[in-house]
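Heads up, the thing below is written out as structure tokens.
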Amino acid sequence: MIRAVKGTHDLLGTALAYHRTVVEATRRWAEAAGAEEIATPIFEHTEVFERGVGQTTDIVQKEMFSFTDRGGRSLTLRPEGTAGVVRAYLEHGMKVWPQPVRLWYAGPMFRAERPQKGRQRQFHQTGYEVIGAAEPEVDAEAVALSWRILESLGLRGLTLKLGSVGDPADRERYNAYLRERLEPHAERLSEDSRRRLQTNPMRILDSKAPPDRELLTELRVRPMLDFLGDAARQHFEAVQARLRALGVPFEVDPAIVRGLDYYVRSSWEIHHDRLGAQSALGGGGRYDGLSELLGGPPAPGVGWALGVERVALAMQAEGLSPVPAPGLDLYVVPLEPELVPRALEAAAAFWPELRAQYALKARKPGKGLQEAEKKGARYAALLGPDEAAAGKLTVKDLKTGEQRTLSPEEVKEWIRGGTA
RNA sequence: GUGAGCGUAGCUCAGCUGGUUAGAGCACCGGUCUGUGGAACCGGGGGUCGUGGGUUCAAGUCCCAUCGCUCACCCCA
């Protein structure tokens with residue numbers, strides 16, 4: 001049997017209902033904030049991510065699904081959404097739109113990791129980007145929006161961790177400090193971290209390897225926050241002040257680093273307390289240099305992404321139900337075999353005002369009602385010789401038991417009136 | 001990529017220390033039931049026991065390998 005590829009899943013039933021609930025919540029709140037939806041391709045030229053996300057990141061080094069197309073171009077299934085959105089911003093000259101431009105999106109992302117709870121190879125994110133503004137207000141706006149989306153879904157066990165990774169110059173000073181501090185003890189670091197010492201020392205802070213953690217504690221390595229320049233520090237404080245004013249609870253996490261190189265200044269994650277190892281529901285940050293990394297003019301930006309599957313897991317852990325998919329309005333039951341075609345015609349005549357389906361085999365009335373119930377229909381319509389002759393249907397409300405024999409037009413009126 | 005746990009019907013599982021033709025519940029199909037449902041009862045379809053090899057008179061059960069799933073490491077949404 002051919003099965004879905006490792007780390008991918010068919011989405012249906014309850015899982016899809018959770019999925020839609022998260023996407024629709026994002027749509028509602030993002031559009032409330034004035035954002036326009038964008039759908040970028042799920043694959044891009046590999047360099048979009050190599051240059052955008054960063055050569056030294058785990059995502060680029062070991063998690064991308066890349067392939068060569070027939071023309072010899074290197075393409076990559078998007079591992080995240082922001083780089084593609086900024087590429088689109090540049091490609092469509094959105095810098096001439098009224099600034100800043102607010103965009104939101106939802107769609108699949110791909111990372112070649114070993115699957116586990118809350119981690120799949122194809123997963124889904126919703127995201128929000130504000131491009132063309134450097135003010136701390138938009139950082140706070142973005143954080144507050146993602147926080148409120150999660151709250152609106154009913155989630156309680158949320159923690160917002162806010163940090164700052166500073167400006168590039170601050171990071172250079174910090175990286176120099178880290179190298180100087182850690183290099184004498186390099187042999188005690190994990191293999192990955194020894195490599196990071198050369199390529200990107202800050203990423204060592206992200207390591208959870210016990211030897212790395214011990215060494216960092218023992219050396220009393222100072223956090224990035226101590227190295228913020230004046231501009232970044234003022235920005236960070238302003239963001240905190242705006243968040244307090246908006247009533248968004250957060251804790252400052254001096255160690256927050258983020259796995260994507262394009263982040264500067266604000267950087268945050270939202271965690272849930274009952275998710276297991278992969279506890280981040282979402283994260284984001286400011287990426288003022290990204291446009292230039294992609295070959296564009298300076299264009300400051302800030303944004304976030306939520307992991308749809310993880311939010312769904314968190315909702316389930318808290319016993320929260322998704323918005324259910326709408327069921328059938330009407331199930332048409334032919335009472336005689338020769339009336340099956342008439343049942344199709346009757347059901348088809350209700351589309352699309354009513355969700356109507358019909359039985360392919362003649363049923364006795366009792367069986368027909370039972371079947372309608374199993375199909376999840378609110379109403380059953382019996383079509384027997386009498387109804388056929390009169391051009392009517394005997395329609396029964398399966399909840400109340402109320403029954404009427406009506407013309408198709410009257411059926412529409414009754415049901416639409418009843419469900420309005 | 002590393003480690004651990006688990007693979008019996010569409011789903012949830014039973015199958016004792018290896019011993020007839022591998023079972024149950026749910027679901028599905030049909031009947032009891034020729035114009036009114038949610039019940040009950042009866043019947044039916046559906047399994048190469050993940051796969052391959054080995055031990056044995058005999059393997060769903062023991063051993064090895066392999067594949068898959070899950071969780072964890074790593075990292076992140």
Side-chain angles (χ1 to χ4, degrees), chain A residues 1-9 13 22 26 53 57-63 78-82 106-127 146 150 190-193 195-196 203-210 212 256-260 268-272 275-285 303-314 331 333-336 339 361-377 379-387 394-403 405:
Chain A
M1 184 171 60
I2 302 178
R3 345 175 30 134
V5 173
K6 182 201 286 282
T8 71
H9 296 281
V22 176
T26 302
V53 175
T57 61
D58 280 5
I59 290 178
V60 169
Q61 289 196 341
K62 49 187 199 193
E63 295 172 6
R78 64 183 184 193
E80 60 93 49
T82 301
M109 305 293 161
F110 306 84
R111 292 185 199 175
E113 300 178 275
R114 191 80 169 260
Q116 70 184 74
K117 185 174 184 183
R119 196 171 76 183
Q120 302 164 224
R121 291 186 171 184
Q122 176 175 337
F123 60 104
H124 298 79
Q125 290 186 334
T126 65
S146 62
L150 293 172
S190 67
E191 194 184 324
D192 278 345
S193 288
R195 184 172 42 74
R196 292 179 184 123
R203 185 135 290 115
I204 295 172
L205 301 186
D206 226 6
S207 170
K208 282 155 200 146
D212 295 352
I256 203 155
V257 172
R258 313 288 300 147
L260 296 86
W268 70 91
E269 292 178 356
I270 300 177
H271 290 262
H272 189 262
L275 271 204
Q278 311 302 325
S279 68
L281 297 186
W304 49 258
L306 293 180
V308 174
E309 285 84 355
R310 288 190 187 173
V311 175
L313 283 173
Y331 190 67
V333 179
L335 299 181
E336 305 291 344
L339 291 175
K361 288 185 178 136
R363 297 287 181 213
K364 293 167 196 166
K367 282 286 188 196
L369 295 179
Q370 208 174 108
E371 196 165 280
E373 178 76 27
K374 275 192 223 165
K375 293 269 188 179
Y379 296 85
L382 300 181
L383 175 59
D386 298 347
E387 288 85 356
T394 296
V395 179
K396 180 162 190 166
D397 184 327
L398 294 170
K399 266 188 200 156
T400 67
E402 186 182 357
Q403 177 171 310
T405 299

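Predicted model only: the values in this text are computed from it and were never measured. A note on names: the letters A, B, ... follow the listed sequences, proteins ahead of strands, and every chain is numbered from 1.
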Who pairs with B:G10 - Watson-Crick or G-U, where each distance is under 3.5 Å = B:C26
Quiz item: A:Q403 side-chain donor-acceptor pair to B:U36 base, under 3.5 Å | yes
With a non-hydrogen cut-off below 4.0 angstrom, is A:G118 in contact with a base, only sugar-phosphate, or nothing?
-> base
Take atom C1' in B:G25 and the same atom in B:U66, then report the distance between them in whole Å.
-> 33 Å
Check: A:Q120 side chain, B:A77 base, donor-acceptor under 3.5 Å = no
Given B:C75, B:U2, B:U36, the nucleotide with the shortest approach to the side chain of A:K396 = B:U36
For the side chain of A:L335, starting at C-beta, report the closest nucleotide among B:A77, B:C75, B:G35.
-> B:G35
Side-chain atoms of A:A280 come closest, of B:C76, B:G3, B:C75, to B:C76
Report the nucleotide, chosen from B:G3, B:A77, B:C69, that has the shortest atom-to-atom distance to any side-chain atom of A:K6.
-> B:C69
Using the C1' atoms only, state how far B:G1 lies from B:G10, rounded to an integer number of Å.
-> 35 Å
Sticking with atom C1', work out how far B:A77 lies from B:G68, rounded to a whole angstrom.
-> 26 Å
For each nucleotide in nucleotides 27-33 of chain B, reading 5' to 3', give B when a protein heavy atom comes within less than 4.0 Å of its base, S when such contact involves only the sugar-phosphate, and - otherwise.
-> -S-S-SS
Taking atom P in both B:U70 and B:G30, compute the distance separating them and give it to the nearest angstrom.
-> 35 Å
Base-pairing assignment for B:C69 (Watson-Crick or G-U wobble, both under 3.5 Å) = B:G5
Check whether any side-chain nitrogen or oxygen of A:Q116 sits under 4.0 Å from OP1 or OP2 of B:C73, and answer yes or no.
-> yes
With rounding to whole Å, what would you report as the distance between B:G15 and B:G47 at their C1' atoms?
-> 14 Å
How far does the P atom of B:C28 sit from the matching atom of B:A72, given to the nearest Å?
-> 34 Å
Who pairs with B:G19 - Watson-Crick or G-U, where each distance is under 3.5 Å = B:C57
Counting only Watson-Crick or G-U wobble pairs whose two distances fall under 3.5 Å, which nucleotide matches B:G38?
-> none
With rounding to the nearest 0.5 Å, note down the distance linking CG in A:L382 to CD in A:Q403.
-> 6.5 Å
Roughly how far apart, to the nearest Å, are B:C33 and B:C69 at atom P?
-> 50 Å
A:D386 side chain, from C-beta outward: closest of B:U2, B:G38, B:G35 | B:G35
How far, in whole Å, is B:G60 from B:A14 if one measures between their C1' atoms?
-> 12 Å
